[in-house]
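Read through the structure below, which is laid out as structure tokens, and then see the notes.
All heavy atoms count here, side chains included; hydrogens, waters and symmetry mates do not.
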Amino acid sequence: MPELPEVEVVRRGLHDHVVGRHITRARISGVRVARRHDAGAEDLADRLHDVTVTAASRRGKYLWLALDGEDALIVHLGMSGQMLVEPAEAPLEKHCHARFDFADGDPQLRFVDQRTFGGLAMSPLGPDGIPEALAHIAPDPFEATYDQGAVVRRMKLRDSAVKRALLDQTLVSGIGNIYADEALWRAKVHGERVCSALTKPTLSRVLDHAREVMSEALGHGGTSFDALYVNVNGASGYFDRSLHAYGRAGTPCDRCGTLMRREHFMNRSSFSCPVCQPRPRRRSVA
């Protein structure tokens, strides 16, 4: 699933190609693309008629287009969602579920989703500019309102794995499985270490590395493992070539040369170095 850098790349493309343009018509096909919009696809299309896109915004892994008035179009990319800017005469993609026409003519904006885990929905904007449907999502490390000290204090109170905390979008948003593994590798911390057992400086160091690695990934256009993640022009990112942990099981650790390992964690795969990131000692059970 796209994480903060990948979503930010898409947001920047939408800012360049869509913001300030007036939508004259929205066509939405199928019900799954609008399943998060309670009133259904027809209502969603009607509400996207004769509106102007005023901003393309993001918090963590969540993306939305602010519209004139008080609403926003939330775009859930899911596993394979793409927002593409293409000429209106270009052939429709097989899995194109929504397209938007603009008053100034070309290009169109299209929502393409092969696996249909993503979707579109309308939500009122809150006074802070965040859609009400996303009010529960915590600020990400690139936001001015992000308070790392407060996040560290909340993490320190948790008797749960540090990787679980990194993936909790109500604690800090934007970090997913890939960048959590990368941050933990850089910090030399195993993902199953318990937050409350780690020092506050260690927790802060993990978060510093998370921001650092996501910033580097953003400079490379994000991380792409297949053709499903692309920016608005259809180009893939290439940060996967710079990964030190994720997906590298069986290859030498870039720091010590030990073969990297793969473990199961929360129905996901975790990748770490057995030497640089030793597993925590198991608590004895009476």
message: Between Ser272 and Arg261, is the side chain to side chain contact (heavy atoms under 4.5 Å, CB included) condition met? List the steps.
response: CA-CA 6 Å; Ser272 60; Arg261 67 187 165 199; 2.9 Å; yes

- request: Indicate if Trp185 and Ile178 have the same hydrophobic cluster label, given that clusters are the connected sets of ILVMFWY residues with side-chain heavy-atom separations under 4.5 angstrom.
  value: no

query: Would a distance-only check, ignoring hydrogens and angles, find a side-chain to backbone donor-acceptor pair under 3.5 Å from Glu3 to Tyr179?
result: yes

message: When you measure from the side chain of Gln169 to the backbone of Ile175, do you find a donor-acceptor pair of N or O atoms at a distance under 3.5 Å?
response: yes

task: Indicate yes or no: does Asp113 engage Arg32 in a salt bridge with an N to O separation below 4.0 Å.
output: no

message: Looking at Ser269, is its backbone amide N or carbonyl O close enough to the side chain of His264 to form a donor-acceptor pair, meaning the two atoms are under 3.5 Å apart?
response: no

query: How long is the span from the NE2 atom in His37 to the CD1 atom in Ile28, to the nearest 0.5 Å?
result: 8.0 Å

- prompt: Would you say the side chain of Arg248 lies within less than 4.5 Å of the side chain of Asp254, judging by non-hydrogen atoms?
  reply: yes

statement: Between the CG atom in Leu65 and the OG1 atom in Thr52, the distance rounded to the nearest 0.5 Å is 12.0 Å

- prompt: So does His95 have more than 12 non-hydrogen atoms from other groups sitting under 6.0 Å from NE2?
  reply: yes

field: Pair Asp68, Thr54: side-chain N/O donor-acceptor within cut-off below 3.5 Å
entry: no

field: Distance in Å, Arg186 CZ paired with Gln277 CD, rounded so as to fall on 0.5 Å steps
entry: 12.0 Å

task: Kindly indicate, with the supporting measurements, whether the criterion side chain to side chain contact (heavy atoms under 4.5 Å, CB included) is fulfilled by Arg158 and Arg164.
output: CA-CA 10 Å; Arg158 296 191 174 194; Arg164 181 183 290 270; over 6 Å; no

Side chain to side chain donor-acceptor pair (under 3.5 Å) partner of Ser270, the single match among Glu263, Lys163, His190, Arg262: Lys163

Audit row: Val213, His244, side chain to side chain contact (heavy atoms under 4.5 Å, CB included) steps and yes/no: CA-CA 10 Å; Val213 70; His244 295 287; over 6 Å; no

- request: Examine distances only and state if a side-chain atom of Glu182 and a backbone atom of Ala245 form a donor-acceptor pair shorter than 3.5 Å.
  value: yes

message: Let me confirm one number: the CG-NE2 distance from Leu84 to His17, rounded to the nearest 0.5 Å.
response: 11.0 Å

- prompt: Taking everything shown except Lys156 itself, do over 12 heavy atoms lie less than 6.0 Å from its NZ?
  reply: yes

field: Nearest non-hydrogen partners of Cys273 and Thr258, listed with the distance
entry: SG-CB, 4.1 Å

field: Arg58/Asp140 salt bridge by N-O under 4.0 Å criterion
entry: yes

message: Within the structure provided, determine whether Asp181 and Arg268 are in side-chain contact (heavy-atom separation under 4.5 Å).
response: no

hydrophobic_cluster_shared for Val10 and Ile23, side chain cutoff 4.5 Å: yes

message: Tell me if a side-chain donor or acceptor on Lys61 pairs with a main-chain N or O of Gly174 at a distance below 3.5 Å.
response: no

- prompt: So, Asp106 side chain and Ala88 main chain: donor-acceptor pair closer than 3.5 Å or not?
  reply: yes

statement: What one should report as the nearest heavy-atom pair of Ala26 and Ala45 is O-CB, 3.6 Å

message: Quick one, Lys94 and Val112 - any side-chain contact, counting heavy atoms below 4.5 Å?
response: no

- prompt: Which heavy atom in Ala180 sits nearest to a heavy atom in Leu167, and how many Å separate them?
  reply: CB-CD2, 4.1 Å

- prompt: Taking C-beta and beyond as the side chain, do Leu67 and Met122 meet within less than 4.5 Å on heavy atoms?
  reply: yes

- prompt: Would the number of heavy atoms belonging to other residues, nucleotides or ligands and lying under 6.0 Å from CD of Glu132 be above 12?
  reply: yes

message: Do Gln148 and Asp208 make a side-chain contact, defined as non-hydrogen atoms from C-beta onward lying under 4.5 Å apart?
response: yes

- request: For atom CD of Glu89, decide whether the heavy atoms of other residues, nucleotides or ligands shown that lie under 6.0 angstrom number more than 12.
  value: yes

field: Between CG on residue Leu109 and CG on residue Leu14, distance to nearest 0.5 Å
entry: 6.0 Å

- prompt: Are the side chains of Glu86 and Gln108 in touch, meaning some heavy atoms are under 4.5 Å apart?
  reply: no

- prompt: About how many Å separate NZ of Lys200 and SG of Cys195, when rounded to the nearest 0.5 Å?
  reply: 13.0 Å

- request: Give the cluster check for Ile137 versus Leu63: same hydrophobic cluster or not, with ILVMFWY residues linked at side-chain heavy-atom distances below 4.5 Å.
  value: no

statement: Heavy atoms of Gly250 and Leu259 approach each other most closely as O-CD2, 3.5 Å

- prompt: Can you find a pair of side-chain heavy atoms, one from Leu73 and one from Trp64, that are under 4.5 Å apart?
  reply: no

- request: May I ask you to test the Arg36-Ile74 pair for a side-chain heavy-atom distance under 4.5 Å?
  value: no

Arg59 and Ser173 side chains, donor-acceptor separation under 3.5 Å: no

query: Looking only at heavy atoms, what is the nearest atom pair of Pro2 and Gly78, with distance?
result: CD-O, 2.9 Å

query: Would you call Arg27 and Asp101 a salt bridge, taking side-chain N to carboxylate O under 4.0 Å as the test?
result: yes

message: Determine whether Phe111 and Val33 satisfy the following criterion, side chain to side chain contact (heavy atoms under 4.5 Å, CB included), listing intermediate values before the conclusion.
response: CA-CA 9 Å; Phe111 179 72; Val33 69; 3.7 Å; yes

query: Is it the case that one hydrophobic cluster holds both Leu134 and Leu171, taking links as side-chain heavy atoms less than 4.5 Å apart, direct or via other members?
result: no

query: Would Val75 end up clustered with Val85 when hydrophobic side chains under 4.5 Å apart are linked, directly or stepwise?
result: yes

message: Looking at every heavy atom in both Arg21 and Gly105, which two are closest together, and how far apart are they?
response: NH2-O, 3.0 Å

